[in-house]
Amino acid sequence: MSEQPDELDYRPLPPRRGNAPIKPIDVERAVRWRWLNGWLVLVVTTALVLAGTGGLIWINTRPPAERTPQEMPLFASAILSEISDPNVRDQLLALDASTSQAQSVINQNPRDPNGWIMLGHAHYDFIQMIYEHAPNGQAYVQNLSRWIQASDAYSQALALDNFQPLIRSDRAVALARYGIGFGNPFYSEQALAEAETALAQDDQTLLVLLNVGRVYALLPEPRMDDAKRLWRKVIELSPNSIQAQLAQSLLDGAKP
């Protein structure tokens, strides 16, 4: 296959969500019975104070969202305490929202592999970002299942279009990280099988080589010689690419 020296992040970015309309306060009941006016003023004032306080807490920690704080995913409190970068927080919230968008695409046409790939990428990129910024925190532990959700979505895409080595290698990494996260060798075995199938289908695409090398490194008994061979091949194929920089960092001991 032809060399792909400049492949960047192929995953589509989810659209930024707009501000949700604010419902006006219903004051009709306050004017129907004058004798309730005093209590209503007190209640409304208290509600506004509480709403203002809540707004101050959320305004600097999340982008405008369609969902209320009560509907935020379970990771929110852990993210706020474990990841200080507001840009990373915003990206996580956007990725979480994109899972619903992907599911809508799937509902419209479940036979289209692209919808399943979009769903897989949303779950994968979400947990990958936590893996990079807070791998030892509660947010990562709480969301380990995102790896298997990504794997399941990729599996659906592969069932519809079997020859997708890059997607298969993504699935292999997801399975490997889920397996090592729970100490379950069953998923590591699945990851290895998928990785070697992807490599047999395509041994020239840089991201495939990076991913398969990661799977080798994440096995219960790591195959580091095989992993390093693939990462060196990435550098040989495209020494000035972003993928070559990632391969070098892995060779230097970065977390696979």
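This structure is a prediction, so every number in the text was calculated from the model and none was measured.
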Heavy-atom side-chain contact between [X] and [Y] under 4.5 Å:
| X | Y | value |
| --- | --- | --- |
| P165 | T205 | no |
| L199 | L209 | yes |
| R232 | K228 | yes |
| I130 | E82 | no |
| H123 | Y154 | no |

#### Entry: Candidate pair V215 and V173, rule side-chain contact (heavy atoms from CB on, under 4.5 Å), full reasoning
CA-CA 6 Å; V215 171; V173 173; 4.0 Å; yes
Please report the closest heavy-atom contact between [X] and [Y], naming both atoms and the distance.
| X | Y | result |
| --- | --- | --- |
| A227 | G213 | CB-O, 3.2 Å |
| D202 | V208 | O-CG1, 3.4 Å |
| A244 | S238 | CB-O, 3.1 Å |
| A102 | G115 | CB-O, 4.2 Å |
| A157 | Q164 | O-NE2, 3.5 Å |
| S188 | L219 | O-CD2, 3.8 Å |

By side-chain hydrogen bond (donor to acceptor under 3.5 Å, both in side chains) - contacts of [X] (at least two apart):
| X | answer |
| --- | --- |
| E132 | Q128 |
| D161 | none |
| N107 | Q103 |

Kindly say whether [Y] contributes a backbone atom to a donor-acceptor pair with the side chain of [X] at under 3.5 angstrom?
| X | Y | result |
| --- | --- | --- |
| Q190 | L175 | no |
| S151 | W147 | no |
| Q243 | L210 | no |

#### Entry: Within residues 206-225 or reaching into it, pairs that qualify as salt bridge (charged side-chain N to carboxylate O under 4.0 Å, His left out) - sequence neighbours excluded
E196-R223, R223-D226
List the atom pairs, with distances to 0.1 Å, where a side-chain N or O of residues 178-187 and a protein N or O form a donor-acceptor pair under 3.5 Å, not counting sequence neighbours.
unit_1	atom_1	unit_2	atom_2	d
N184	OD1	F186	N	3.0

## Note on the structure
Cluster membership besides W116, Ile/Leu/Val/Met/Phe/Trp/Tyr side chains within less than 4.5 angstrom, sorted by chain and number, is I106, L119, L160
Please report the interatomic distance [atom1]([X]) to [atom2]([Y]), rounded to the nearest 0.5 Å.
| X | Y | atom1 | atom2 | value |
| --- | --- | --- | --- | --- |
| N211 | L206 | CG | CG | 11.0 Å |
| R168 | D170 | CZ | CG | 11.5 Å |
| L158 | T197 | CG | OG1 | 10.0 Å |

### Query
Can you name the residues that form a salt bridge (Lys or Arg N to Asp or Glu O under 4.0 Å) with R171, not counting sequence neighbours?
E194
#### Entry: Residue list, ring pair (Phe, Tyr, Trp, His ring centres under 6.0 Å) with Y216, at least two apart or on another chain
none
### Task
Could you give me the CA-CA distance, side-chain angles and deciding distance for I167 and H121, then say whether side-chain contact (heavy atoms from CB on, under 4.5 Å) is met?
CA-CA 9 Å; I167 299 305; H121 286 345; 3.8 Å; yes
### Task
May I ask you to decide whether D96 forms a salt bridge with R146, counting only side-chain N to carboxylate O separations under 4.0 Å?
yes
In residues 248-256, what donor-acceptor pairs under 3.5 Å come from side-chain atoms, sequence neighbours left out?
unit_1	atom_1	unit_2	atom_2	d
Q248	NE2	D252	OD1	3.1
S249	OG	L246	O	2.6
K255	NZ	Y131	O	2.9

### Message
Tell me every residue that passes side chain to side chain contact (heavy atoms under 4.5 Å, CB included) with V88, counting only those two or more places apart in sequence or in another chain.
### Response
I83, D85, L92, M129, H133
### Query
If Ile, Leu, Val, Met, Phe, Trp and Tyr residues are connected whenever their side-chain heavy atoms lie under 4.5 Å apart, and connections chain through other members, are V234 and M224 in the same group?
yes
